[in-house]
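Below you'll find the structure, written out as structure tokens, and then a few comments.
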Amino acid sequence: MKHYIPYHQLPEGGIPPPVTIYGPGVRWWHWINGLLVLVLCVTGYFIGVPPPSALGDPSSLYIMGWIRFLHLASGYLFALLAIARLWLTFVEKGISHHLFVPAIWRAEWFDGFMRQIRWNLLINDQPKRYVGLNPLGGIAMLLMYVLPGFIIIVTGFAMYAEVTGHDSWQYALFGWVTTIFGNTMDLHVIHRLAMWVMAGFVCIHVYIAVREDVMSRQTMISSMLSGERQYRR
Amino acid sequence: MADKPTFYDVFRQRGVSRRDFLGFCALTATYLGLGPNGAASVAHAMQTKPRIPVVWLHGLECTCCSESFLRSGHPLVSDIVMSMISLDYDDTIMAAAGDQAEEILHDIIRDYRGAFILAVEGNVPLANDGMACIVGGRPFKKKFEETARHAKAIISWGTCATSGCVQAAKPNPTRATPIHKLVDRVPVINVPGCPPIAEVMTGVISYILTYDRLPELDNRLRPKLFYSQRVHDKCYRRAHFDAGQFVENWDDEGAKQGWCLYKMGCRGPTTYNACATIGWNENTSSPIRSGHGCIGCSEDGFWDRGPFYERLPDMQQWGIESNADKVAAAGAAGLGTAVAVQLGATAIKRVMKRGDKPDASATQEEKETQA
Amino acid sequence: MTQTKTPNGFTLDDSGRRIALDPVTRIEGHMRVEVNIDGSNVIRNAVSVGTMWRGLEPIMKGRDPRDAWAFVQRICGVCTGVHALASIRAVENALAIQIPTNANTIRNIMHLALYVHDHLVHFYHLHALDWVDVVSALSASPKATSELQQSISPWPHSSPGYFKDVQDRVRKLVGSGQLGPFRNGYWGHATYKLPPAANLMAVAHYIEALNFQREIVKIQAVFGGKNPHPMWLVGGVPSAINMHATGSSGASINVERMNLVASVAAQSLAFIEQVYIPDLLAIASFYPEWFKHGGGLASQNLLSYGEFPTRANDDSNASLMLPRGAIVNGDLKTLHEVDLRDPAHVQEFVPHSWYRYPDDKAGLHPWDGLTEVDFRLGAKTRQTPDKIEAFDESAKYSYIKAPRWKGHAMETGPLARMVIAYAGGNARVKELVDGALGKLGLPLTALFSTLGRTAARGLEAQWAAEQLVEQVAYLQATIKGGNESTANTEKWSPTTWPATAKGVGFCEAPRGALGHWLHIKNQKIENYQCVVPTTWNASPRDAQGNIGAYEAALLGVPLADPKKPLEILRVIHSFDPCLACATH
Ligand code: HEM
Ligand code: HEM
Ligand code: NFV
Ligand code: SF4
Ligand code: SF4
Ligand code: F3S
Ligand SMILES: [Mg+2]
């Protein structure tokens with residue numbers, strides 16, 4: 001597998017040969033992480049707005065407890081996977097680093113970005129073909145997934161430090177977040193807002209993935225399954 | 001100094017036997033979580049210490065912290081005031097007034113420089129040259145600064161002093177400013193709560209007197225012994241929280257069973273205070289026990305994290321009068337519309353272009369742009 | 001100016017020496033009094049200055065009306081809860097919310113407990129040292145003290161040994177040189193009249209009352225979770241009743257909680273009957289001249305909004321235990337109707353207050369009220385670079401607004417309530433007042449004085465403790481009748497509210513008539529105004545020059561030693577000032 005520079009434009013005409021852009025690490029990461037995010041969004045939503053009260057004796061019920069357990073357990077995994085994904089950018093070539101470093105300093109990047117917008121506004125009839133993430137998609141992933149993901153992890157562990165107490169490693173590492181905001185109510189609000197941003201991303205992301213798969217001149221979903229990008233005319 | 005009564009003298013005067021006195025010390029030691037040698041050090045301290053002068057200043061506040069202090073049952077506030085400390089200056093209860101009162105302050109600073117404790121209830125308004133609080137014809141700010149500089153330590157009583165409290169709620173018209181932001185060099189102990197629990201207040205004082213040192217503080221200057229856990233961590237309704245059993249409406253079945261008040265906006269999960277453990281009015285009750293959620297009264301800026309009855313607060317402190325879910329719903333509506341429009345427009349375009357060669361026009365376009 | 005006549009019939013003369021008392025201590029909040037005295041040290045001009053402001057009214061804008069009680073409750077922690085009560089009543093009034101019977105009774109119980117507590121603490125810890133010389137107590141004979149105690153009350157703490165212990169304790173305190181709160185008092189002042197034994201008895205009760213007061217408020221703690229600053233609820237009370245069924249012990253109100261409340265209520269009544277009232281009468285009997293000084297507005301204009309609805313949601317005089325009404329020009333036979341919604345009744349003026357109105361001369365009804373701070377000192381202010389020596393009362397001079405009822409400056413508080421209830425024919429109040437005056441050999445008009453005010457407060461405390469016991473019984477009877485409801489949630493959700501609404505809520509706070517007015521627009525508070533008892537009593541002058549109750553009461557009072565103006569404290573303390581309330 002080759003290491004591709006961000007936003008590598010392909011020539012207009014013809015059908016370029018397929019390229020391998022995702023190694024197995026990123027692919028596995030993507031689908032496991034996607035599952036975790038779904039679990040985290042659902043359980044997180046219910047932590048803030050719990051389901052209707054359960055009837056019965058509290059000793060035999062643990063509904064909120066399970067919701068929180070699932071959330072916190074998946075939260076840990078989510079954070080670990082985030083670290084793993086960072087590590088993959090160094091060990092797995094292809095376009096694994098595109099997620100974190102959009103090449104906004106390159107004229108090609110901006111050109112592609114504008115074109116992608118025009119394509120989505122239905123002004124252009126065809127999008128460009130790329131080796132890698134398209135610039136608009138890339139920036140969306142950075143701003144609506146990576147950034148909120150980072151905020152979620154930081155605020156999540158800061159809130160977790162409230163559970164584990166002021167003597168915990170969570171507090172030692174993330175207590176400063178609490179100090180900045182003063183009132184940990186803010187952490188809940190920020191964490192939740194970040195969830196909505198991420199949930200918004202997931203919705204657009206899935207829609208666009210399907211749409212691009214059908215309408216653009218390159219494979220999408222199968223690329224995330226096989227690692228290989230194929231091009232059409 | 002020798003003729004000044006120690007705690008032990010005081011106990012003797014009140015007809016307490018030595019055995020009972022030592023019993024009290026053991027109890028105090030257990031209460032403060034001091035381990036096996038605790039009782040002896042409490043006893044020693046109480047038999048040898050003269051009374052430390054305390055100056056209690058009032059800024060912008062409601063005097064409810066003083067009122068709470070008066071409620072202390074162990075130790076009794078009468079014992080504290082008459083025997084444990086020398087409360088030489090406190091506008092709310094002192095006999096002296098006017099010039100005679102101000103003279104005391106002057107004398108204490110002269111005679112006990114660096115050796116008296118300054119207790120502050122309320123905060124200092126800075127707007128309008130501090131003239132929202134005028135004492136003795138001068139802004140309170142001056143009186144505070146002159147006194148604070150010479151104190152051995154400062155105890156900030158209540159959320160007013162620790163973070164501004166209600167008068168600092170948006171838009172803070174007087175620029176009410178918490179105490180720890182106005183002093184350097186002199187150690188500050190924050191004892192938040194609106195008001196703080198009486199026995200927490202007197203507990204902080206007895207700790208200082210007994211151990212002759214300031215209690216260990218967290219990074220927001222709160223004594224760890226009272227403020228290191230959330231109300232939620234020790235709440236007696238916690239079993240119902242974990243079970244998922246909530247009061248859904250005031251006075252419903254859940255309310256009658258004492259279920260969790262989370263859905264009624266309880267701030268217990270984000271509030272550090274001892275209400276669930278030490279309790280109020282000698283553990284007679286606590287806000288949650290009364291059936292009302294915690295409003296987070298010991299947390300910074302809790303007033304601007306309302307409405308108190310919504311689990312998700314309005315984001316007022318960021319100027320948004322709406323909560324996270326409502327903002328998200330608006331965003332989702334926007335996104336949904338965009339997607340629907342895009343899909344619709346794509347379909348229409350397809351229909352209109354039926355018969356054309358789609359690729360040709362695209363290629364045309366690309367060429368233009370590349371040129 | 002030297003001499004002026006005020007429209008409300010007082011003569012002010014500022015030609016004599018000016019003295020300032022600042023800080024006025026043993027009150028709530030920050031206050032200053034300035035007076036001019038004539039050649040024989042008699043007060044001829046008085047200036048009451050509220051010296052703090054926190055801005056609660058502007059802070060209320062844009063908040064959820066259901067949260068309002070918690071904010072405004074923090075106006076004051078001494079009369080804790082009264083602003084919360086006025087607030088939830090105002091919101092309920094605006095939204096036409098009917099509360100259940102039990103909620104009404106529980107609110108009455110909490111409020112009555114506050115009366116008992118606040119009056120007791122005021123008498124012993126804020127006011128007593130104006131009459132009691134702590135140092136003189138050292139020379140008392142414990143035996144004589146014991147005899148005095150036993151002659152006036154069956155209170156069990158009355159042995160010579162007990163008083164000796166108290167005396168030893170005070171001696172040790174004084175001997176240590178660290179007098180604590182008693183440091184630099186006006187001890188030995190020529191106008192202290194109590195014999196040593198009475199002083200010692202009072203000091204003993206100062207300590208006992210300090211230890212006991214914390215019991216009274218446990219009643220508020222049961223229903224509101226804590227005191228100070230208990231929890232309240234728009235539409236009822238937060239505490240649910242579960243007297244019979246599963247989970248009762250987890251409910252806020254069950255049989256154990258009711259027993260606690262009943263027991264504290266009974267103890268409170270005993271303390272008032274056996275300690276407070278006997279002490280009050282004993283002390284008052286040594287100071288007959290103080291039934292003449294300090295009347296001020298009392299013999300003219302008295303105001304009460306009425307309090308303690310016996311029927312939920314009915315605030316007519318037929319329902320109220322203490323009636324609403326105004327007495328004007330000393331005419332006790334005519335009780336004027338007070339209408340808080342009528343723009344001509346209650347108005348606030350600011351020509352002498354540090355606020356700005358579009359037209360400074362005009363008064364504003366609180367629904368149209370404005371709170372825009374405007375701190376300016378008058379041209380005749382005397383000041384050094386370091387501090388203000390004398391405020392200029394011809395200009396703006398206080399953070400307190402000047403409320404007027406139909407243009408009249410009014411006195412409000414226990415004295416007003418007791419007199420209005422008396423005039424209105426309340427049998428129990430009449431009995432209590434006549435009984436006490438009879439023992440002191442004084443006419444009804446003696447109430448219009450410094451000690452009259454203090455006595456009215458004590459009698460009201462007894463009345464309140466009696467009602468407290470009864471309301472607890474009433475709550476139990478209602479529950480026994482099968483009614484366990486404590487909250488009405490029909491209009492809890494803001495979606496059920498109209499786009500705009502306005503309401504007024506009132507209550508009689510310990511210090512007097514309290515009203516909160518609010519506008520709700522789009523589920524949020526549009527405007528919020530409070531007119532508070534101490535705003536009435538400590539009011540500065542209005543546009544016409546009418547003086548308020550404090551200023552009026554100080555006129556004519558002689559000072560024995562202008563350097564130690566103990567007499568000013570007596571007069572001012574008899575009102576039980578609360579400045580955090582007054583200016584908010
Ligand atoms: C919670 C759910 C999901 C999250 C958080 C998520 C996140 C991401 C991220 C961060 C990437 C960039 C991968 C990288 O470069 O490392 C990505 C790529 C991709 N995802 Fe997802 N994803 C989710 C669900 C899905 C689903 C359900 C689909 C299929 C319908 C999908 C299809 C794709 C595709 C096709 C790509 C590759 C895009 C390309 O090659 O340019 N994703 N996703
Ligand atoms: C995609 C990732 C995540 C999403 C969408 C998410 C979402 C949420 C949401 C919506 C809440 C409820 C907030 C509220 O209304 O109070 C929540 C609570 C919480 N989350 Fe997350 N979260 C995520 C990841 C994490 C991570 C990585 C951690 C770290 C361990 C974490 C820890 C917590 C904690 C401690 C709480 C508070 C639980 C409580 O109050 O009982 N979350 N999360
Ligand atoms: N004035 C006043 Fe209050 C009372 N009573 C309230 O409304 O004291 Ni703080
Ligand atoms: S912290 Fe709260 S209770 Fe204490 S003085 Fe301030 S407002 Fe009152
Ligand atoms: S009532 Fe409040 S503090 Fe108690 S468990 Fe429920 S949310 Fe936590
Ligand atoms: S409101 Fe305050 S009193 Fe305790 S339970 Fe909450 S911190
Ligand atoms: Mg007002």
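In what follows, chains are A, B, ... by sequence order, proteins preceding strands, each numbered from 1. Predicted, not measured: the structure shown is a model, and the values here were computed from it.
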TODO: Please flag which part of C/K61 lies under 4.5 Å from any non-hydrogen atom of chain B: side chain, backbone, both or neither.
DONE: neither
Open item on the list: Less than 4.5 Å to any heavy atom of chain B: does that hold for the side chain of C/L260, its backbone, both, or neither?
Closed with: side chain
Open item on the list: Between C/H573 and chain B, with a heavy-atom cut-off of 4.5 Å, which part of the residue counts as in contact: side chain, backbone, both or neither?
Closed with: neither
TODO: Go through the atoms of C/D22 and report whether side chain, backbone, both or neither lie under 4.5 Å from a heavy atom of chain B.
DONE: both
- [ ] Find the one option among B/G73, B/P125, B/G306 whose heavy-atom pairs under 4.5 Å with chain C are most numerous.
- [x] B/G73
TODO: Mark yes when over 12 heavy atoms from residues, nucleotides or ligands other than B/K170 sit less than 6.0 Å from its NZ; otherwise mark no.
DONE: yes
- [ ] Under the ring pair (Phe, Tyr, Trp, His ring centres under 6.0 Å) rule, what do B/H106 and B/Y89 come out as? Steps first, then yes or no, please.
- [x] CA-CA 10 Å; B/H106 179 262; B/Y89 188 99; over 10 Å; no
TODO: Go through B/P53, B/G98, B/S72, B/G291 and name the one with the most non-hydrogen pairs under 4.5 angstrom from chain C.
DONE: B/G98
Open item on the list: Quick check on C/R74 against chain B: is it the side chain, the backbone, both or neither that has a heavy atom closer than 4.5 Å?
Closed with: both
Open item on the list: Quick check on the interface: out of B/S68, B/A198, B/G265, B/G279, who has the most heavy-atom pairs with chain C under 4.5 Å?
Closed with: B/S68
Task: Closest-packed option against chain C by number of heavy-atom pairs under 4.5 Å, given B/S66, B/C64, B/A101, B/A169 - done: B/C64
TODO: Sort C/F71 into side chain, backbone, both or neither according to what part of it lies under 4.5 angstrom from a heavy atom of chain B.
DONE: both
Open item on the list: Please classify the contact of C/S485 with chain B as side chain, backbone, both or neither, using a heavy-atom distance under 4.5 Å.
Closed with: both
- [ ] Using the side-chain hydrogen bond (donor to acceptor under 3.5 Å, both in side chains) rule, collect all pairs that involve residues 220-241 of chain C, keeping only residues at least two apart or in two chains.
- [x] B/R71-C/N227, C/Q73-C/W232, C/T80-C/H229, C/Q220-C/N227
Task: Side-chain donor-acceptor contact under 3.5 Å, C/R54 with C/T583 - done: no
- [ ] Tell me, with the steps shown, if C/R63 and B/D304 meet salt bridge (charged side-chain N to carboxylate O under 4.0 Å, His left out).
- [x] CA-CA 9 Å; C/R63 311 269 172 187; B/D304 291 329; 2.9 Å; yes
- [ ] Please determine which of C/V222, C/V261, C/I253 meets the side chain to side chain contact (heavy atoms under 4.5 Å, CB included) test together with C/I106.
- [x] C/I253
Task: Heavy-atom proximity to chain B below 4.5 Å, by part of C/E484 - done: both
Open item on the list: For C/L56, which atoms come within 4.5 Å of any heavy atom of chain B: side chain, backbone, both, or neither?
Closed with: side chain
Task: B/C294: which of B/C266, B/C235, B/S286 passes side chain to side chain contact (heavy atoms under 4.5 Å, CB included) - done: B/C266
Task: Which atoms of C/D386 approach chain B - backbone, side chain, both or neither, heavy atom under 4.5 Å - done: both
Open item on the list: Tell me which of these, B/C65, B/G258, B/S86, has more heavy-atom pairs under 4.5 Å with chain C than the rest.
Closed with: B/S86
TODO: Enter the distance from C/L377:CG to C/Q383:CD here, rounded to the nearest 0.5 Å.
DONE: 5.5 Å
- [ ] Quick one: list whatever passes side chain to side chain contact (heavy atoms under 4.5 Å, CB included) with C/A240, sequence neighbours left out.
- [x] B/D251, B/A255, B/K256
TODO: For C/R26 and B/D91, run salt bridge (charged side-chain N to carboxylate O under 4.0 Å, His left out): C-alpha distance rounded to whole Å, both residues' side-chain angles, the deciding distance at 0.1 Å, then the answer.
DONE: CA-CA 6 Å; C/R26 277 180 284 129; B/D91 334 14; over 6 Å; no
TODO: Answer with side chain, backbone, both or neither: which region of C/L126 has an atom nearer than 4.5 Å to a non-hydrogen atom of chain B?
DONE: side chain
